[in-house]
Structure formats: structure tokens, C-alpha cells
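Structure first, then comments.
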Number of protein chains: 2
Amino acid sequence: MRIGELARRAGVSTRALRYYEQQGLIEARRSANGYREYDEADLRLVMEIRSLMAVGFTLEDARPFVDCLRSGQPSGHACADSVAVYRRKLAEIDADIRSLIARRSEVAAQLALACPGCVLSTGGEP
Amino acid sequence: MRIGELARRAGVSTRALRYYEQQGLIEARRSANGYREYDEADLRLVMEIRSLMAVGFTLEDARPFVDCLRSGQPSGHACADSVAVYRRKLAEIDADIRSLIARRSEVAAQLALACPGCVLSTGGEP
DNA sequence: CTTGACATTGACGTTGGCGTCAAGGCTTAC
DNA sequence: GTAAGCCTTGACGCCAACGTCAATGTCAAG
């Protein structure tokens with residue numbers, strides 16, 4: 001398939017696909033007229049990238065998963081590097097959550113000073 | 001005082017101060033040679049900005065607080081606009097926390113699939 | 001033949017909050 | 001006079017992940 005079809009099927013823009021290629025995440029063979037040609041394996045790569053980005057991974061974070069799939073593994077998280085990224089991202093997310101909770105309490109305290117009673121009506125912590 | 005002293009006392013760069021001025025957050029009168037001249041009130045403005053940024057506010061978020069102080073209020077959160085920003089930011093932070101927690105559980109689930117036992121050793125949620 | 005839908009590369013724009021030169025002017029101390 | 005240390009404006013760089021435009025090529029259908 002060509003880039004437009006891959007984009008539609010993967011739910012991304014053609015620009016994004018060219019960008020992924022530029023970043024070395026995906027490759028395409030070229031047909032005689034210079035058009036990129038993709039197959040079903042490429043679609044799986046792009047879907048893997050998008051599902052990882054959907055949970056907050058960067059393209060660099062996604063790279064080991066893509067490499068894993070391209071190395072012939074049936075799933076992107078079957079490789080040690082991918083698992084390492086999972087663990088690192090989990091730690092990052094935990095740190096972010098802790099930081100946000102700390103900020104929340106600081107802001108809530110300031111709001112309580114500025115407008116007693118306002119904090120109670122905001123709905124509280126999740 | 002001139003820009004260098006204000007920068008030192010506020011703990012910011014001179015570049016940051018010029019940027020705040022460009023964004024209309026602070027003003028400076030000019031001495032005969034064209035140098036910016038600041039007073040203690042300006043120092044308070046900059047400290048207000050920094051303390052807000054320290055808890056994740058953008059410069060735009062800080063604007064109502066600065067306007068409040070410049071209007072003669074003794075504290076930046078004494079105005080209705082400031083309180084509104086506090087409430088909005090609290091809601092934003094809450095949404096961010098919820099989103100991060102959702103991502104965390106998705107990533108943890110993927111990690112559990114990829115490497116059973118890994119999740120338990122990461123320390124758990126905050 | 002031409003229209004239209006596809007494709008190509010290249011390059012600039014976006015967002016926020018500055019960092020980092022560049023090229024020069026002012027002031028004071030030696 | 002000259003070195004040091006302050007200041008000025010202007011302008012490009014950075015980070016991610018593309019969006020968007022430009023100018024052009026390809027190909028099947030009418």
C-alpha cells in the first residue's frame with residue numbers, strides 16, 4: 001500500500017509517517033516512480049507507535065518496541081530494552097504524579113488563603 | 001536598582017526580566033542613559049511571578065496576580081481574577097493527575113504482560 | 001487533453017520561556 | 001586611555017511532533 005492508505009488505516013497523517021521515517025522508526029521500499037510502498041508489517045509498526053504515544057511515550061521511547069518488532073518478535077514488548085522502557089516510564093509517571101499532587105496541595109493552600117471556602121467546592125482530589 | 005541587581009535579588013536572569021517586560025508583565029522606568037530602573041515593588045512582582053511558576057503556572061496564568069499587585073492590592077491573590085485562575089489551575093491539575101493515573105495503570109498492565117513480576121518491584125503508586 | 005487525486009522533497013511555522021551570542025554604549029577605576 | 005563591568009537592542013537556537021505551504025511529478029479516468 002502507499003502512504004495515503006497506510007495513513008488512513010493507522011489513523012495518522014502522511015506527514016507523521018514521513019517524520020517517523022526521518023527519525024528512523026519505519027522504512028519503506030520505493031516503487032518505480034519513487035512512491036513509498038508499505039506492507040502489513042509496517043501498519044503494525046505504526047499502530048504500535050501510536051498506542052505507545054497514546055499513553056504518553058515519546059517517539060524515542062517507542063524506538064525499542066519498533067526495533068523489537070522489526071527483529072522478528074511477535075510483540076513489541078518481548079525484548080529486554082522494551083521492558084526497561086516500561087519500567088523507566090512507570091517511574092517517570094510516578095514521579096510526575098507525586099509532583100502534581102504536591103503542586104495541587106500548594107495551590108489549594110494558596111486558594112484557601114485567598115478565598116476561604118473555595119477549595120471545598122472544587123470537587124477535591126481524584 | 002538596575003536590571004542586574006533585580007535579577008540577583010529575584011533569582012532570575014536578566015533575560016527573563018526583559019522577557020517579562022516584553023510580555024507586559026512588568027515595566028521599568030528608564031534613567032537618563034536608557035538603563036531600566038526598578039524599585040522594591042518590582043521585586044515583589046517578580047517574586048510573585050516566580051512563586052507562581054514554581055507551582056506550574058504559566059506566565060499568562062501569573063498575569064492577573066501581577067495586575068492585582070500593580071492595582072495597589074497588598075497581595076496578588078486578593079482579586080477575583082486571581083481566585084478564578086487558582087480554581088482553574090486546581091481543576092487542570094486534577095485532570096492531569098487523573099490522566100496520569102490512568103496512563104500509569106495502562107503502562108503497568110502492559111508491563112505485567114511483558115514481564116510478570118516486574119510491576120511489583122517498581123515501588124507501587126505514590 | 002485535462003482534471004483530479006495521489007505522490008515527492010524542502011523548508012518554514014507552531015508553543016513557552018527563556019539561553020546565548022553579536023555589536024555596541026555608559027561609567028568608573030586604575 | 002584602557003580595562004572591567006555594567007547596560008542596550010536584535011536576532012537566532014532549543015525542545016517535540018508534527019502542520020502547512022510551495023513547487024512539482026505521476027497516473028488513471030473522463
Side-chain angles (χ1 to χ4, degrees), chain A residues 1-39 42 45-66 85 88-89 92-93 96 99 103, chain B residues 1-39 42 45-66 85 88-89 92-93 96 99 103:
Chain A
M1 81 195 86
R2 290 175 306 181
I3 197 169
E5 186 182 346
L6 178 59
R8 270 191 303 278
R9 292 181 62 186
V12 304
S13 65
T14 59
R15 179 68 178 88
L17 293 177
R18 294 195 187 95
Y19 180 68
Y20 298 162
E21 178 176 317
Q22 188 187 339
Q23 300 303 308
L25 287 165
I26 59 178
E27 286 176 51
R29 60 189 183 79
R30 298 301 183 111
S31 47
N33 57 14
Y35 288 7
R36 291 170 178 84
E37 273 297 329
Y38 301 95
D39 56 22
D42 295 315
L45 290 187
V46 177
M47 291 193 306
E48 177 85 2
I49 292 172
R50 297 311 291 193
S51 78
L52 290 169
M53 293 188 74
V55 293
F57 283 44
T58 68
L59 277 186
E60 280 312 305
D61 293 333
R63 191 180 297 276
F65 294 81
V66 172
V85 171
R88 179 171 56 73
K89 290 306 274 187
E92 280 180 26
I93 293 172
D96 289 348
S99 167
R103 286 177 184 182
Chain B
M1 80 195 87
R2 290 175 306 182
I3 197 169
E5 185 181 347
L6 177 60
R8 270 190 304 278
R9 292 179 62 185
V12 304
S13 66
T14 60
R15 178 69 180 88
L17 293 177
R18 295 195 187 94
Y19 180 68
Y20 299 160
E21 179 176 316
Q22 189 188 339
Q23 300 304 306
L25 287 165
I26 59 178
E27 288 176 49
R29 60 189 183 81
R30 299 299 182 112
S31 48
N33 56 14
Y35 289 7
R36 291 171 176 83
E37 273 297 329
Y38 301 95
D39 56 23
D42 295 314
L45 290 187
V46 177
M47 291 193 307
E48 178 85 1
I49 292 171
R50 297 310 291 193
S51 77
L52 290 170
M53 293 188 72
V55 293
F57 283 44
T58 67
L59 278 185
E60 280 312 305
D61 293 332
R63 192 181 297 274
F65 294 81
V66 172
V85 171
R88 180 170 57 72
K89 290 305 272 187
E92 281 180 23
I93 293 171
D96 289 348
S99 166
R103 287 179 184 182

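Heavy atoms only: backbone and side chains are in, while hydrogens, waters and symmetry mates are out. All chains are named by letter (A, B, ...) in the order of the sequence lines, taking the proteins before the strands, and each is independently numbered beginning at 1.
- In this structure, CG of A:Leu6 is placed 10 Å from P of C:dA7, rounded to the nearest angstrom.
- If you check every strand for non-hydrogen atoms under 4.0 Å, B:Arg50 touches sugar and phosphate atoms only.
- Between A:Asn33 atom CG and D:dG25 atom C1' the separation is 9 Å, expressed in whole Å.
- A donor-acceptor contact under 3.5 Å is not formed by the side chain of A:Arg18 with the base of C:dT9.
- Along DNA chain C, the nucleotide nearest B:Leu17 and the nucleotide nearest A:Arg8 are compared for position; the residue whose nucleotide lies closer to the 5' end is A:Arg8.
- For the pair A:Lys89 and A:Glu92, the salt-bridge criterion is met [side-chain N within less than 4.0 Å of a carboxylate O].
- The interatomic distance linking B:Glu5 (CD) with D:dC6 (C1') rounds to 12 Å, in whole Å.
- For the pair A:Arg2 and A:Glu5, the salt-bridge criterion is not met [side-chain N within less than 4.0 Å of a carboxylate O].
- A close approach under 4.0 Å does occur between a side-chain nitrogen or oxygen of B:Arg36 and OP1 or OP2 of D:dT9.
- The base of C:dG16 is not paired with the side chain of B:Tyr19 by any donor and acceptor separated by under 3.5 Å.
- Straight-line distance from the CZ atom of B:Arg30 to the P atom of C:dC26: 14 Å, rounded to whole Å.
- In terms of position along DNA chain D, the nucleotide closest to B:Arg2 lies nearer the 5' end than the nucleotide closest to the other residue of the pair B:Arg2 and B:Arg15.
- Between A:Arg30 and A:Glu21 a salt bridge is recorded (basic side-chain N to carboxylate O distance below 4.0 Å).
- Between B:Thr14 and D:dC7, a side-chain N or O to OP1/OP2 separation shorter than 4.0 Å is absent.
- The main-chain N or O of A:Ile93 is never found under 3.5 Å from a side-chain atom of A:Asp96 such that the two would form a donor-acceptor pair.
- Computed from coordinates, the B:Gln23 CD to C:dG16 P distance equals 9 Å when rounded to whole Å.
- Along DNA chain C, the nucleotide nearest to A:Glu21 and the one nearest to B:Leu59 differ in position, and the one closer to the 5' end is contacted by A:Glu21.
- The pair B:Asp39-B:Arg29 does not count as a salt bridge, with every side-chain nitrogen at least 4.0 angstrom from each carboxylate oxygen.
- Atom OH of B:Tyr35 is separated from atom P of D:dT8 by 7 Å (rounded to the nearest Å).
- In this structure, OH of A:Tyr20 is placed 14 Å from P of D:dA16, rounded to the nearest angstrom.
- Counting to the nearest Å, the P atom of C:dA5 and the CD1 atom of A:Ile3 are 19 Å from each other.
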